[in-house]
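Let me begin by presenting the structure, written as structure tokens, before commenting on it.
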Amino acid sequence: MSTAWPFEPLSGVIEELEWLTDVIPSKAGEQRIALRTAPRRTFNFSHILTDYQAMSARTLIIGAQADGGFLAPDWAQSTYIGQRSPGSNIPVSTPNVIMGEQALLWESDTLNEVVTITTDSNGVHMDVTLSYTDAWLLPLWGAHSPNGVSIERNGAQLNAVSIALTTYEHMDVGASTYTQYLSNDIVPDCAKIDGLSESVDWQKSEFDNSTSITEYIRSRTTADVKYTMSWRVTTTEERYELLQWLHSRRGRQKAFWLSSRGHDFELSTSTISGTTINVYRRPGLTALDLADFHIDITNTSDVSIYRKVTAVTVTTSLNGRARLALTISASASVAKPKRISMMRLGRFDADRIELDHRAGEGTTVKVPCIEVAA
């Protein structure tokens, strides 16, 4: 029988999501095959425990390793319950929470119980056997502790305890309702992108005999444009939406469109109509620099349309300023354009994603990404 790990984390929890993708590169592109559609999850807990609590943790790990493992509490998805008395079929509200068949009703490491969660047309219910005045409800997931528990004891009768619990119950909560462009999802607003950093390089082979000039041969026809996407969410709803987005990418498998949401092109007209968009020419922005790329056209009501730019040519000047004509793949009619932003097609460049859940601060995520051929 599995045992719930009952100790409250020190300041937060590091949660790891790990997919498995086979990426097969070629000269001009790649093929991606998902070998694990639902991620493995690992919860990394750190605690400061008294001697009595540390002894309890030591005993629990010995018993659990010999028995059926642990039930790992999902502290990031805890729901405040408050006062509860013993009873059967008690309704409970758990909006935007990924809930399994079991949960931990927790008030302290000595006052808690594992409850069975039942869900039907009338909502979510549970049976309670103990009395609580300030309880929380935490989803529980079957887990093992491959590396056991680490306990560092000091002279103040306090113990630094750490443990990693890897679940064996896997669940895919990826959503499939995102806006698409050219058969790929567009990064939704719910992701709350906090920042981007970028680098550009080429995959290459290096030939160096240590005595003459080093020679480099590019192994692909396109550059590796890598960037890091960062998110920070603070509410339960935002965290749930972010989890849905992360799960829907399946690690490195599924590509997505990302708009810069910036004013990347300066319109020289007050409206957009037809298959040509006239913009002012800027330093570095020439017909040679840009060809066959994609843009996000958003109006003042924040409604976006997406187009491929098939050609960039120099056109007549206006008010003494040089201009470029962008030829787009399909006609567009926008009465009040707000911005024109560059689009990039990319994917996650890692199968392992780390979520840093901090009490009172929310959840932060940083994911390395790479552009792929459209």
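Not measured: the values here are computed from a predicted model. Residue indices begin at 1 and follow the sequence shown.
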Legend entry - Aromatic centroids of W245 and Y178 separated by under 6.0 Å: yes

Inset, instruction - Examine R344 relative to Y227 and say whether NZ or CZ is less than 6.0 Å from the centre of the six-membered ring and inside a 45° cone about the ring axis. - result: yes

Inset, instruction - Examine the side chains of N159 and Q53 and answer whether a donor and an acceptor come within less than 3.5 Å of each other. - result: no

Inset, instruction - Compute whether any side-chain donor of one residue and acceptor of the other, for S108 and T110, lie under 3.5 angstrom apart. - result: yes

Legend entry - D302 with K338: basic N within carboxylate O range, under 4.0 Å: yes

Legend entry - Check ion pair D351-R250 (N to O, under 4.0 angstrom): no

Inset, instruction - Look at the side-chain heavy atoms of Ile, Leu, Val, Met, Phe, Trp and Tyr, link any pair under 4.5 Å apart, and say whether V114 and I81 land in one connected group. - result: no

Legend entry - Proximity of H247 and W19 rings by center, below 6.0 Å: yes

Legend entry - Verify same cluster id: V334, M343 (apolar side-chain graph, 4.5 Å): no

Inset, instruction - Verify the cluster assignment for L111 and V128: are they in a single hydrophobic cluster under the rule of side-chain heavy atoms below 4.5 Å apart? - result: yes

Inset, instruction - List the atom of L140, the atom of L71, and the distance in Å for their closest heavy-atom pair. - result: CD2-O, 3.8 Å

Legend entry - Distance-only side-chain donor-acceptor flag, S162 / S46, under 3.5 Å: no

Legend entry - Ionic contact status for R239 with E241, cut-off 4.0 Å: no

Inset, instruction - Indicate whether the side chain of H47 and that of W5 have a donor and an acceptor atom separated by less than 3.5 Å. - result: yes

Legend entry - F256 and F348 aromatic centres sub-6.0 Å: yes

Inset, instruction - Identify whether V372 and L246 are in the same connected component of the hydrophobic contact network (ILVMFWY, side-chain heavy atoms under 4.5 Å). - result: no

Inset, instruction - Write out all pairs satisfying side-chain hydrogen bond (donor to acceptor under 3.5 Å, both in side chains) with one or both partners inside residues 79-96, taking only residues at least two apart or from two chains. - result: Y80-D134

Legend entry - For R358, salt bridge (charged side-chain N to carboxylate O under 4.0 Å, His left out) partners two or more places apart: D356

Inset, instruction - Answer with yes or no after comparing the ring centroid distance for H144 and F70 against a 6.0 Å cut-off, counting only values under it. - result: no

Inset, instruction - Assess whether salt bridge (Lys or Arg N to Asp or Glu O under 4.0 Å) is satisfied between R307 and D296, documenting all intermediate values. - result: CA-CA 7 Å; R307 294 291 186 269; D296 162 15; over 6 Å; no

Legend entry - Ion pair R41/E16, N-O distance below 4.0 Å: no

Legend entry - Side-chain ion pair, E266 and R321, N-O less than 4.0 Å: yes

Legend entry - Charged N-O contact under 4.0 Å between R339 and D264: no

Inset, instruction - May I have the step-by-step check of ring-ring contact (aromatic ring centres under 6.0 Å, His included) for H357 and W75, ending in yes or no? - result: CA-CA 9 Å; H357 306 290; W75 286 92; over 10 Å; no

Inset, instruction - Measure the spacing between OG1 of T269 and CD1 of I277 and express it to the nearest 0.5 Å. - result: 8.5 Å

Legend entry - With E107 via salt bridge (charged side-chain N to carboxylate O under 4.0 Å, His left out) - residues at least two apart: none

Legend entry - No-hydrogen, no-angle side-chain donor-acceptor test under 3.5 Å, Y132 and E113: yes

Inset, instruction - Identify the heavy atoms of P368 and A350 that sit nearest to each other, and give their distance. - result: CG-CB, 3.7 Å

